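So the structure is just underneath, and the comments pick up after that.
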Amino acid sequence: MTEQLQPSETVATGAKLTVEEDAAGVAAGRRLMNLFLATGLALVFVLMLVGLLMRLSQAEWLPLDPAWFYSLMTLHGAGMIAALVLCGMGGVWYLVRREAHMDVRLGYAAYGLLLGGVLLVLAATVVGKFAAGWTTLYPLPFVNPTWPFWSTGAFFIGLMLITAGFSVWSFQVLEAVMRAFGGLRGALGFDLVFNAKAFKASGRQPPPAQILPAAVIAIDGLIMATASMLLGAAMLVRWLDPSVGIDPLWAKNLGYFFGHLLANYIIYMLLAFVYVGLPRFTNRKWKTNAPFVIGWWGTMVFLLTAYAHHLYLDFAQPVAMQVLGHVASYLSAIPVAVVTVYGAILLVWRSGMRWTLGSLFMYVGLAGWILGGVGALLDATVQFNTLLHNTLWVPGHFHSYLLGGSLYFALGWVFQSLEERTTATTSRSVKWLVGVTVFGGTALFVAAFYVAGAAGVPRRFALAQDPSASLAGVGSVGAVVLIAGLVLCLVEGLRLWRSGRTAPVRAAVAPLLAGVTNVGEVQGD
Amino acid sequence: MPATTEPRATVNALPRVYLLLVLGAVAVAVGIFAIGLPDPHLSVRNHHIQHVFFILGGGLYGLALAMGLTANKHGKTWPGRGVWLAPALLASLVVMVAMWPSTYPVIEANPTLHALQHGFYIVASAVATFCAYYFARSAGWIMGGMQVVMAWAAAFGFGVNPGPSPLIAQVAAMPATASAGGGAAAYQNCVACHMADGGGMPGVFPPLAGHVSNLLAAEGGQEYMVRVVLYGLQGQISAAGSSYAGAMPGWGHLSDDDLAAALNHVSSTWGELPATASAPFSAADVQAARGTQLTPQQVHELRGRLGLP
């Protein structure tokens with residue numbers, strides 16, 4: 001049977017698709033998301049082991065040659081960013097695909113470009129021992145390098161491929177949300193703020209909550225890609241032609257603009273999982289209202305200028321840029337954090353929420369997200385930055401929100417998807433074990449960074465000194481506990497997955513499954 | 001499914017197409033004649049700004065062409081034709097790489113090649129915006145904007161040697177000192193923290209001015225100073241009335257001569273030594289101190305044992 005969509009839906013999808021065709025497209029989108037998530041999470045796990053090696057070396061428990069340390073550090077930084085970006089890209093792609101038609105082949109193209117980039121970075125660092133750090137401050141990669149010529153080029157080409165993949169994704173997502181929600185004006189909810197009465201009177205609905213992060217990251221993503229491609233082209237030309245000069249301050253601005261934004265996209269992009277996932281545990285909808293929309297506008301605008309807080313100690317930088325970095329850091333993070341946390345509390349408060357592994361990861365992830373955000377804001381405050389700049393406080397805050405926030409959001413989404421496919425549940429003891437190992441291990445791991453950073457010891461990565469050497473030992477223990485907890489999660493996830501494949505799907509949603517392959521899709525949100 | 005907009009009304013796109021063509025021609029003309037740019041062939045920066053106009057013109061041509069071809073297809077998009085994005089992105093990237101600054105003298109010596117290079121910018125930019133518009137309407141404008149911004153930003157750093165920074169100028173202007181023998185040059189290793197005027201950074205990096213004289217006057221002060229530069233220092237200290245709790249890296253990788261020269265420079269500039277005093281530090285002093293390896297914490301303990309300020 002072929003059923004035609006309603007006219008408004010035809011505009012949203014951009015083509016006259018049938019319900020069956022669209023359901024097949026959504027299912028294909030889900031498979032794409034699964035591929036992104038599986039690749040991203042596998043990379044995260046492997047690179048966690050690399051991170052553990054570095055921490056063990058800093059604790060002086062494992063002898064590691066400094067040249068190897070810096071190679072592994074470059075791999076860990078670039079790889080983790082790419083891995084979590086993969087998780088976020090796949091998730092947002094699928095969530096947008098449920099609202100508007102998107103060509104899945106383009107999604108695979110973005111995936112292929114990213115994977116190609118990751119493989120080149122892997123080759124450059126592991127085989128070629130490229131060790132200039134993932135932010136690659138010019139002219140460091142070209143001054144008396146201890147690594148071969150080819151590995152510098154491979155690293156930059158890898159980063160360019162990652163940027164190209166992100167650009168493809170950004171263009172596609174932006175095009176889809178603009179098509180589905182009435183251009184940028186509709187996708188960003190302008191009428192909800194500026195023509196509120198008329199908007200309500202017309203009976204129109206604001207875009208779902210997850211569309212805001214999708215649109216904001218796609219817009220800012222293209223701006224980031226502009227800077228990244230330019231810097232990448234300049235570096236590649238400099239690699240091939242040493243006579244080409246590059247202004248180091250210009251390169252540092254572009255490099256941190258790119259690096260800061262890409263890392264921040266992860267923490268904002270993966271919120272889409274929370275906006276869609278958390279309501280499923282509470283049977284309440286995450287509402288898109290004016291404060292929520294304004295919060296995301298703040299992120300969209302000020303995220304672009306907050307990077308300047310990385311250049312506080314560059315005295316040649318205009319003072320206005322330093323002030324902008326300070327102010328923009330607050331404005332990019334606080335509004336959206338307030339509306340998100342307030343929304344999450346309202347969502348859960350007296351909702352009779354089901355505390356499964358999925359919901360636990362999402363809710364605890366919000367705590368890590370906020371904690372890391374506060375740590376970042378402290379570091380972005382000029383008065384504190386004079387003490388914390390280039391200390392272990394920096395990895396402390398970004399591990400808080402990337403590991404204790406964004407990764408938890410991704411894991412929460414995965415567990416939620418698994419839990420919805422089966423009648424099996426996670427036992428109380430396993431939930432406690434996961435809580436103690438994963439959350440406890442993470443807390444110990446990041447606390448060691450924070451304490452060492454607060455002691456004001458500037459980082460010398462390969463040779464940490466007291467108190468950070470002893471604290472690195474504490475952090476290493478935390479990392480081992482965390483990794484053990486993640487192995488437990490993997491076992492529990494496999495158990496739920498196998499159970500879902502054999503057990504009958506939940507009776508309540510089974511009748512809705514005709515023509516659609518996944519429970520999550522039918523629930524629709 | 002989401003709430004959506006009303007279907008677009010059919011409008012005559014031809015006036016917009018003509019307008020874009022005219023604007024594109026103007027932009028290219030500006031690029032060719034370099035209006036307002038003083039002698040573009042002498043400056044990489046101005047040369048890049050010239051490229052901005054070519055890329056802007058080409059982008060407008062591409063948009064006009066795409067708009068003309070799709071003028072009667074309002075309300076439709078091409079979700080299955082995402083492959084158009086590939087040439088769009090590739091063209092943008094190739095334009096950037098083609099701005100190879102060190103080739104300018106070679107290319108400028110060959111006017112035909114130079115004209116071809118600039119023509120390539122126009123064509124590649126047109127291809128990028130055409131493809132993006134054809135793929136997703138507004139994305140064409142975004143793609144064009146990205147290219148123009150990239151070319152504009154390139155003008156300020158790609159192929160451009162760094163301008164004189166106040167800090168470097170300050171170091172370059174430092175007077176010759178009693179130490180001579182490269183002391184000022186060796187001190188450049190210290191400038192980033194202790195500053196060219198020896199004032200340090202209040203609360204972060206301790207000053208040398210007003211502090212080194214106390215160290216030199218104290219018993220064991222000279223030996224301590226040698227070890228600080230060799231092995232670094234970590235821990236709470238007091239300098240010129242302020243407290244500091246940071247860490248200074250060791251500079252043992254520098255030669256004995258360089259370290260002695262830097263110490264002599266610091267001593268003669270801020271140590272209140274008589275002008276006729278001979279250099280208090282020698283390379284032999286530094287070499288002798290290398291005999292016993294210390295950690296930055298041990299140097300801090302040494303400071304405490306000597307009762308240094």
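Note that the structure is a prediction, hence the values are computed from the model and not measured. Every chain is numbered from 1 and lettered A, B, ... according to where its sequence line falls, protein lines coming before strand lines.
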> Is there side-chain contact between A/T288 and A/I211, with at least one heavy-atom pair below 4.5 Å?
Replying inline: no
>> Given heavy-atom pairs under 4.5 angstrom as the criterion, report whether the side chain, backbone, both or neither of A/A251 touches chain B.
In response: neither
> By a 4.5 Å heavy-atom criterion (distance strictly below it), what part of A/L106 contacts chain B: side chain, backbone, both, or neither?
Replying inline: side chain
>> Please verify the inter-ring angle class for B/H51 with B/F54; under 30° counts as parallel, over 60° as perpendicular, anything in between as tilted.
In response: tilted
> Checking A/L222 against chain B: side chain, backbone, both or neither under 4.5 Å from a heavy atom?
Replying inline: both
>> Heavy-atom pairs under 4.5 Å with chain A: which of B/M146, B/M96, B/Q147 has the most?
In response: B/M146
>> I'd like to know which of B/W100, B/F205, B/F156 tops the heavy-atom pair count under 4.5 Å against chain A.
In response: B/W100
> With a 4.5 Å limit on heavy-atom distance, are the side chains of A/M229 and B/L89 in contact?
Replying inline: yes
>> Side chains of A/S228 and A/L159, heavy atoms from C-beta outward: is any pair under 4.5 Å?
In response: no
>> What part of B/M99 gets within 4.5 angstrom of chain A, counting heavy atoms only: side chain, backbone, both, or neither?
In response: neither
> Is B/M143 close to A/F171 at the side-chain level, that is, under 4.5 Å between some pair of heavy atoms?
Replying inline: yes
